[in-house]
Amino acid sequence: MASNYKITKSDLTKLGLYSVIEQIGFSFERMQALGFTCSMLPTIKKIYGDDKEQLADFMTKNMEFINTEMHMATFLMGLIVSMEEAGEDRTLICNIKNGLFGPLAGLGDAIFWFTLLPISAAICTSLAQDGSPLGPLLYIAIWFVSAISRIWFARLGYSLGTKAVSTISENANAITRAAGILGVMVVGGLIPTYITFAFGEGLTYGINEATVQSIFDNVMPNILPLGFVFLIYYLFKKKNMSVLAVILGIIVFGIAMSYLGWM
Amino acid sequence: MNEITLIQGLLLMIVVFICALDQQMEAFYWFRPMVVAFFSGIVLGDMELGIKAGAVAELSYLGLLTVGGTVPPDPLMAGFMTVVIAYTTGRGAETALGLSLPFALLAQWLGIFFNTAYSTVVRMCEKAAKAGDTGKFTRICYGAWFVKSGAMAIVAFLAAYGLQEPIQNFVNAFPTELVHGFEVAGNMLPAVGLGLLLMVMLNNQNIPYLFIGFFMATFTGVDNVLPIAMVAVAIAYIDYLYNQKMKAASAAAVAVDGGDDEDGI
């Protein structure tokens, strides 16, 4: 049953903007299902008007578990709206959605969570270090643009639909690879500036009373912060330690070093 | 040492409420320590402290969200309490970062409670969905959204305004070694954020780039990472072009091989 209403560009703009609420009503049981459904309602109402039966069926079927990256959620909404408009079978639409949200989450996380976040945080932190408001203001601006870009994701999902998914997944490897290089290099650049791991002047050795820190500095400046990051990485990756345990461990270590007078 | 007035406490509550609304959306990233701390600093009349505290907390709480699907210590409350503790106790932001951890954990538990309890909200929405009542469905979602943010704001108000004296007394009773220990730890904590990021991003192929970034920062003396990020973009692009070329070359090779086989037959 195809609808008579034609989705306009401005409908998609509104869908994209309104989709910022995609994660409200989050629960462990259904994750983003409520917000996801809620975001689409104004657009869906344009298609079905006051047809309660259609709306009830739409809401019920879309309330299944979903958990994906925000921008990708908006993309999926565009896709769903285009299929609803074309009168596709709703079970089929939901199956497509269920098959896509996982892979899309991986892609979205690679772009936004693992690339944009560390890079924007790194750049803005270095601007903010001296107390300059430019840091937080730029941060707010970057993420404002990111939120607004969801208009584009809604349009992309609507116009390209499943075609876009195959194009995206073809390029997903290249994108993830590029994001990895960028992210890893920035993390490398952050280590010397943001992690202070140095022994104090008081910790000396030998007859000359050279500081222990000077040995490390002679080997390579910042070798201790670098080694420390790799240690933390090792604890997470190989020892599966929890974030809390590592944070507590660092605090205990810091206090111990302070009492020993080594740092 | 400073005191937070009732007006400031209430304003802080509003700041946290707004940022908590965003935290549930994850849309504008106002829930990140950098932004929460900035706004809180403005309310407290010490913007610079807010910016510095936000910068320290931001890096420590990088990458803390998606790893393993667990709920990590709450970045919003961590950023918020880092400023509040630094402001009320007069200690540096690095020291305050470590002391903010209990509050970040408290907010984490609050989040887990709501994420579990909101199964009831799912039931309510199911009913509204069956009835085809879009208005009711939307109102329930918004209600859940505001209630959770409200709870977060109340906790923030109690922690910042209500507990300021106990926190002050508690921290002031610390021997200097202990305070310094927290500072030492605070200076190391960004390694947690970076370690978590590497856990997801680092692999055998891109590990050389970590060292390139590290050496650039160590030996060029740039004090922000923007130049490094630009070089990284250039390198990523070179890598991309090279890979496309390799792909095309191997495709061509396969085509040639295919032809040979056919000739052979």
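First the proteins, then the strands, lettered A, B, ... as listed; each starts at 1. None of the values given here were measured: they were computed from a predicted structure.
Heavy atoms of B:Arg123 lying under 4.5 Å from chain A belong exclusively to its side chain. The parts of B:Ala185 that come within reach of chain A are both its backbone and its side chain, each placing non-hydrogen atoms under 4.5 angstrom from that chain. Proximity to chain A is absent for every atom of B:Pro33, based on heavy atoms less than 4.5 angstrom apart. Interface remark: B:Phe38 contributes side-chain atoms only to the contact with chain A (heavy atom separation under 4.5 Å). Using a 4.5 Å cut-off between heavy atoms, B:Tyr237 makes no contact with chain A at all. When heavy atoms are compared at a cutoff of 4.5 Å, B:Met188 approaches chain A by way of both its backbone and its side chain. When heavy atoms are compared at a cutoff of 4.5 Å, B:Ile42 does not approach chain A at all. Interface residue B:Met34: backbone and side-chain heavy atoms are both found under 4.5 Å from chain A.
Side-chain N or O atoms of A:Ser258 include one that pairs as donor or acceptor with a backbone N or O of B:Glu177 at under 3.5 Å. In terms of modelled atom types and a separation under 3.5 Å, the side chain of B:His180 and the main chain of A:Met263 share a donor-acceptor contact.
Using a 4.5 Å cut-off on side-chain heavy atoms (C-beta onward), A:Pro136 and B:Val35 make no contact. By the 4.5 Å heavy-atom criterion applied to side chains, B:Leu194 and A:Phe228 are not counted as neighbours. No side-chain heavy atom of B:Glu26 sits under 4.5 Å from any side-chain heavy atom of A:Gln32. You'll find the side chain of A:Pro133 reaches within 4.5 Å of the side chain of B:Ile51, heavy atoms only. Inter-residue side-chain proximity for A:Tyr259 and B:Leu178 is flagged as met; some heavy-atom pair is nearer than 4.5 Å. Between B:Leu202 and A:Phe230 there is a side-chain heavy-atom pair separated by less than 4.5 Å. A:Thr125 is not listed as a side-chain neighbour of B:Val225, based on a closest heavy-atom distance of 4.5 Å or more. For the pair B:Tyr29 and A:Ile142, the minimum side-chain heavy-atom distance is 4.5 Å or more.
The candidate with the highest count of non-hydrogen atom pairs below 4.5 Å against chain A, out of B:Met201, B:Glu48, B:Met216, is B:Met201. The most heavy-atom pairs under 4.5 Å with chain A, out of B:Gln205, B:Lys130, B:Glu94, B:Lys52, come from B:Lys52.
The local environment of CH2 in A:Trp143 is crowded, with over 12 non-hydrogen atoms from other residues, nucleotides or ligands closer than 6.0 Å. When the shell of 6.0 Å around CG of A:Asn218 is examined, it contains more than 12 heavy atoms from other residues, nucleotides or ligands.
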For this session: Please assess A:Val187 against B:Leu210 for the test side chain to side chain contact (heavy atoms under 4.5 Å, CB included), listing each intermediate value before the final yes or no.
Result: CA-CA 7 Å; A:Val187 168; B:Leu210 178 82; 4.1 Å; yes
Check: Checking side chain to side chain contact (heavy atoms under 4.5 Å, CB included) for the pair A:Leu117/B:Arg32: CA distance, chi angles, key distance, verdict?
Finding: CA-CA 10 Å; A:Leu117 179 62; B:Arg32 296 293 309 170; 4.1 Å; yes
